[in-house]
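Atoms within a ligand are numbered from 1 in the order they appear, just like the ligands themselves.
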Amino acid sequence: MSEVPIKQINELSEYHDQSVTLQGWVAGIRSSGKVAFLQIRDGSGVCQCVVEAQEEEAFALAKSLTHESSVRVRGEVRGDDRAPGGCELSVQHVDVLHVAEEFPIGRKAHGTDFLMKNRHLWLRSSRTTAILKVRHVIIQACRNFFDQRDFVLIDTPILSPGAGEDTQTLFKVDYFGDDTFLTQTGQLYLESACMALGKVYCFGPTFRAEKSKTRRHLTEFWMLEPEIAFADLDDVIQLAEDMTCYVVAAVLERCSSELEQLGRDVEALKKISAPFPRMTYDEAVTMLRSPDLRARLDAELAADRETLAERVARHAEIKEQLKGSMKKWKVEALTTELEELSDSIQELEQDLETRPQHIEQAQAFEWGKDLGGADETILSRQFDSPLFVTDYPKDVKAFYMKASETDPRLVRNMDMLAPEGYGEVIGGSQREADLDLLVAAIEAKGLNPENYDWYLDLRRYGTVPHGGFGLGIERTVSWLCGLTHVRETIPFPRTMGRIYP
Ligand code: 4AD
Ligand code: MG
């Protein structure tokens with residue numbers, strides 16, 4: 001079958017009425033006495049392959065296949081408006097590469113734990129592949145953005161002798177008898193490259209021994225960090241805003257089918273526009289405690305409780321309907337709806353259970369605390385675009401942030417909170433460029449300035465105002481895909497409770 005060209009499924013529309021060979025995996029199979037339908041996927045798309053009984057050999061082989069078997073099929077491309085991609089393959093020849101054992105992931109709903117244990121196989125699902133494609137586009141867009149602006153890519157080390165962020169979240173590594181750590185951020189090294197090249201960025205894996213089991217935390221995640229010289233906090237915010245708009249536009253332009261597959265509300269993404277709202281930490285605290293916000297949150301809570309009641313009623317109604325007899329396709333449609341409803345009911349129930357407490361906490365927020373995940377959710381839900389919160393209390397932020405010139409309790413930092421409740425996706429700041437203030441800040445955090453001597457050198461030899469930020473790739477993917485948990489945004493998530501597969 002070698003004379004027939006091998007094509008990818010996403011190229012088929014260019015080969016109407018021609019013979020091609022596809023190679024892929026069986027994503028679905030249905031057959032009757034007269035015809036077998038194979039759904040073949042090859043990573044570029046899915047194609048319905050039709051094998052008629054008169055093609056005796058191909059038909060027999062097709063019928064022997066199982067879910068996830070690997071095959072090569074040859075046939076003629078036929079236009080069909082109803083088929084995804086606008087065509088299907090009329091098969092003459094089937095070449096079986098491997099008949100798969102019974103695939104552990106079936107059509108019935110599986111729990112997250114089971115799916116995560118089988119992550120190496122779950123990657124093949126249409127949902128996961130859609131998420132991974134969006135992840136790819138996001139990373140590519142970030143890199144394009146900085147490349148177009150003449151930033152130089154710097155690869156910062158992964159093994160690091162000291163803390164870049166919170167000393168509580170370091171992973172220790174035995175380095176020939178000495179303690180060293182997996183890096184929490186490339187920033188400190190990036191700052192020194194910034195003093196060499198002006199505009200730089202790094203992109204790599206970062207590690208935090210987070211003991212938190214939230215939907216936003218991984219122990220290994222990827223961060224994209226730019227750093228710019230001769231810049232203040234406003235420049236850093238501007239850069240983050242421009243980059244975010246660029247990335248959102250790229251995802252909307254290039255991932256429409258993936259977003260649709262994921263059920264993402266793209267209208268919410270289309271509403272994102274510059275300039276993004278900005279407020280200081282002080283203003284955020286005032287907002288969290290305000291009676292206005294309280295009234296709005298209570299009204300939302302009541303509305304969501306009603307939605308929950310409606311969904312529960314619909315769930316019961318379907319269960320009742322399914323007891324009667326009906327056509328097979330109707331059973332399938334109702335079962336799918338039932339599964340989706342169960343998921344959304346469970347999600348909403350969990351959310352509603354904690355929300356009243358979060359509203360109370362927001363009302364009682366004490367100045368000086370860091371914003372928690374729930375506070376960020378509340379704030380970010382008040383706006384259509386991402387929100388910049390600036391000038392946090394020094395005590396809750398990292399040592400390297402520049403002290404405010406107007407209020408010594410504050411630092412010149414920003415967090416960018418993604419809308420729809422997603423919360424912090426970017427953290428950044430202007431850096432402390434003054435040697436004495438930086439040494440004092442390091443000591444105030446209980447760290448030893450001697451360990452940072454090389455970093456302090458940057459303040460000894462031609463120090464300049466500079467700053468940058470870190471974008472968490474997984475949180476960005478979660479937000480842009482509309483997911484509820486970061487664990488689905490990376491091929492093999494690492495969390496406190498999971499290191500396998
Ligand atoms: O706010 P963070 O800790 O900032 C830094 O690391 C700075 N050194 C960055 C810089 O200024 N160059 O982390 C930056 C971003 C967060 O906004 C979040 O998106 C992500 O990294 N992030 C995490 N993502 C997943 N799991 C975790 N445990 C994360 N911790 C931070
Ligand atoms: Mg942060």
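Residue Trp479 does not touch ligand 1, judged by heavy-atom distances below 4.0 Å. When heavy-atom distances to ligand 1 are checked against a 4.0 Å cut-off, His217 comes that close through both its backbone and its side chain. Looking at Glu165 against ligand 1, only its side chain comes within 4.0 Å, counting heavy atoms. Only the backbone of Phe469 comes within 4.0 Å of ligand 1, judged by heavy-atom distances. With a 4.0 Å cut-off on non-hydrogen atoms, Arg431 touches ligand 1 through its side chain and not its backbone. The backbone of Arg216, and not its side chain, has at least one atom closer than 4.0 Å to an atom of ligand 1 (non-hydrogen atoms only; backbone = N, CA, C, O). At a heavy-atom cutoff of 4.0 Å, ligand 1 is contacted by the side chain of Thr185 but not by its backbone. Under 4.0 Å from ligand 1, not a single heavy atom of Thr219 appears.
Taking backbone and side-chain atoms together, Asp415 has no N/O/S atom less than 2.8 Å away from the Mg ion (ligand 2).
The CD atom of Gln350 sits 7.5 Å away from atom CD of Glu347, with the distance rounded to the nearest 0.5 Å.
Residue Gly472 approaches ligand 1 through these ligand atoms, each under 4.0 Å from one of its heavy atoms: 15 (C), 19 (O), 20 (C), 21 (O). Remark: ligand 1 atoms within the under-4.0 Å shell around heavy atoms of Gly427 are 1 (O), 9 (C), 10 (C), 11 (O), 17 (O).
Compare Ile490, Leu218, Asp166, Ile426 by their heavy atoms: the one nearest to atom 28 (N) of ligand 1 is in Leu218. Proximity annotation for atom 13 (O) of ligand 1: of Met414, Met223, Glu227, Met223 comes nearest, heavy atoms only. Distances from atom 18 (C) of ligand 1 to the heavy atoms of Arg475, Arg208, Gln184, Glu191 show the closest one on Arg475.
Between Val425 and ligand 1, at least one pair of N/O atoms sits closer than 3.5 Å.
Ligand 1 lies within reach of Gly468, whose nearest heavy atom is under 4.0 Å from it.
A cation-pi contact links Arg459 to Tyr455, judged by a cut-off of 6.0 Å to the six-membered ring centre and 45° from its axis.
The pair Arg311-Glu340 does not count as a salt bridge, with every side-chain nitrogen at least 4.0 angstrom from each carboxylate oxygen.
Between Leu352 and Arg355, some side-chain heavy-atom pair lies under the 4.5 Å cut-off.
Distances from the Mg ion (ligand 2) to each N, O or S atom of Glu424 single out OE2 as the nearest.
Met414 pairs with exactly one of Tyr281, Tyr392, Phe388 by the side chain to side chain contact (heavy atoms under 4.5 Å, CB included) rule, that one being Phe388.
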